[in-house]
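Comments concern the structure below.
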Amino acid sequence: MEPSNIIPFEQPKPVNRLPGTPMKSELVEQAAEIVTDPQVLINIVSQRVRQLNSGRAPLVDTLPSMGTADIALTEIIEGKIKVQAPTEL
């Protein structure tokens, strides 16, 4: 096959559906010391990220470089968000 017959195939760049920056691992580690169950931590952070994305105000001072997940993790670390034990029926 001659190079003149080859049609270049350009792949589209993947679209990042989640704006912002990835979570900082040191924040995840600090929050994991407070909320020891990883599934509970994930649920708390994801619910708070949804709230922040829908317009709720952060409970902590933020920096422009912080993503919504970083804000949620910082809120947990600073004790602004707490886990309530489930109540028995």
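We're numbering straight along the sequence, starting at 1. Note that the structure is a prediction, hence the values are computed from the model and not measured. Side chains included, hydrogens not; waters and symmetry mates left out as well; all remaining heavy atoms used.
- Nearest heavy-atom pair, Met66 versus Asp61, reported as atom, atom and distance to 0.1 Å: SD-O, 4.3 Å.
- Closest of all the heavy-atom pairs between Val49 and Ala72 is CG2-CB, 4.4 Å.
- Atoms CD1 and CD1, from Ile77 and Ile34 in turn, are 6.0 Å apart once rounded to the nearest 0.5 Å.
- We find the CG-OG1 distance between Leu59 and Thr74 to be 11.0 Å, quoted to the nearest 0.5 Å.
- To the nearest 0.5 angstrom, Leu52 atom CG is 5.5 Å from Glu75 atom CD.
- No path of Ile, Leu, Val, Met, Phe, Trp and Tyr side chains, each step under 4.5 Å between heavy atoms, connects Leu27 with Ile42, placing them in separate hydrophobic clusters.
- Sparse packing is recorded around CD of Gln39, with 12 or fewer heavy atoms of other residues, nucleotides or ligands lying under 6.0 Å away.
- In this structure, OG on Ser25 lies 5.5 Å from CD on Glu29, to the nearest 0.5 angstrom.
- Not counting sequence neighbours, the partners of Gln51 by the side chain to side chain donor-acceptor pair (under 3.5 Å) test are Arg48.
- Expressed to the nearest 0.5 Å, how far CD1 of Ile76 lies from CD of Glu33 amounts to 13.0 Å.
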For side-chain contact (heavy atoms from CB on, under 4.5 Å), just list the numbers for Val45 and Val35, CA-CA rounded to whole Å, side-chain angles, deciding distance to a tenth of an Å, and then say yes or no. CA-CA 11 Å; Val45 171; Val35 180; over 6 Å; no
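- Shown here for Leu41 and Val28, the closest heavy-atom pair between the two residues is CD2-O, 4.3 Å.
- Side-chain atoms of Asp70 come within 3.5 Å of backbone atoms of Lys24 as a donor-acceptor pair (strictly under, hydrogens ignored).
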